[in-house]
Structures are given as C-alpha cells and as structure tokens.
Amino acid sequence: MVDCAITLRPATSSDEPFLLSLRRATMTAPRATSRTQAGKLSYAEGLCIRIHHMTPPDISAIQDWHAHVYFDAEHRDAAWALREQIEARFEGKLQMGRFHERPVGPHPLWSYQLAFEPSHFSEIVTWLTLNHGALDVFLHPNTGDGLRDHRDSAVWIGHSYTLKLEVFDR
Ligand code: ZN
C-alpha cells in the first residue's frame with residue numbers, strides 16, 4: 001500500500017491518459033480505493049504516485065538539514081570524540097544537539113543531532129563521509145513535512161536503520 005503524504009485532489013481532464021492506462025493496468029474500476037491484488041495499484045494509490053511525481057517540493061522548501069550521529073554503549077567514546085572534532089571544525093556553522101544516551105523520537109539508536117543551513121551541506125556532509133569512522137549517520141532535510149523528510153528524503157552514511165516513523169502518524 002502506498003502511503004500518500006499529501007492530500008489527494010480531484011482528477012481533471014488532464015489526468016485522463018494516466019487514468020486510462022491505470023484502468024488498463026489494474027482492470028479495476030477507477031473509484032476503487034480498497035486494496036487490490038498483489039502487484040496491482042488501486043486508483044487511489046496510482047493517483048497518489050502520480051501527484052508525488054508531478055509535484056516534487058522545490059529545494060527552497062528545505063529550511064535546514066539535520067545529521068543524526070548514531071551510537072550505542074560500545075561506541076559511546078567514539079561518538080563523543082567525533083562530536084568534539086565536529087564542534088572544533090565547524091564552529092559557527094552548525095548547532096550541536098544534546099548527547100542522548102537513549103533512543104529519542106524516530107531514532108532507533110542513541111544519537112546526537114547536528115543542524116545546519118543548506119549552504120553548509122556540502123562542506124559538512126563531505127567531511128562526515130570520510131570521518132564518521134564506525135558510526136552511522138542519518139541525514140534528512142527539514143521542509144515542514146516530518147514524515148516525508150524522514151521517510152522519503154533520508155540519506156545515510158554507513159549503515160541504514162529502520163526509523164520509528166509512527167511518531168509522525170497524523
Ligand atoms: Zn532530525
């Protein structure tokens with residue numbers, strides 16, 4: 001099931017070619033909103049994909065970026081050492097968050113957060129790719145849509161993890 005992050009709009013005449021192809025693909029009535037057989041899209045799902053495809057947010061929607069450095073008890077000292085390196089190197093270019101020795105929010109591991117302007121993205125992220133060591137880093141933009149930012153726009157350095165996206169249930 002596709003999870004639509006934006007509000008569905010009524011179909012218009014310009015959607016007809018797409019809706020016709022969708023009808024052929026699913027062989028279901030276009031008003032169907034229930035789950036269809038595996039591998040087939042429902043009308044609502046197809047329209048949702050279509051709208052997503054048609055209206056990607058402009059990058060100016062990105063207010064800032066977060067980089068969340070993940071760690072556990074075993075890697076606590078390495079996480080702290082990296083934090084000190086980051087603070088020394090990028091002083092004035094980012095805001096350093098608290099050192100959480102427990103999972104917080106959607107993050108499945110212990111973590112701390114770096115927040116920075118889009119103009120510093122290249123410098124900071126490039127450095128992180130070469131200096132994160134054994135730690136994994138989760139990056140996401142902040143556009144005002146928390147679910148989309150964490151689910152669809154996720155960037156990982158190192159390994160990826162399953163986030164607790166249910167915190168964004170609306
Ligand atoms: Zn964040």
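If you read the sequence from its start, that first residue is 1, and numbering goes on from there. Indexing begins at 1, ligand by ligand and atom by atom, following the structure's order.
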Which atom, among the N/O/S set of H66, is closest to the Zn ion (ligand 1)? ND1
Check: H150 ring centroid to F168 ring centroid under 6.0 Å: yes
Just wondering, more than 12 heavy atoms not from E84 lying within 6.0 Å of its CD? yes
Check whether any N, O or S atom of H68, backbone or side chain, sits closer than 2.8 Å to the Zn ion (ligand 1). yes
Nearest non-hydrogen partners of D64 and P118, listed with the distance: CA-CD, 4.0 Å
Of the N, O or S atoms in H140, the one nearest the Zn ion (ligand 1): NE2
Measure across Y161 and P108 and return the closest heavy-atom pair with its distance rounded to 0.1 Å. CB-CG, 3.8 Å
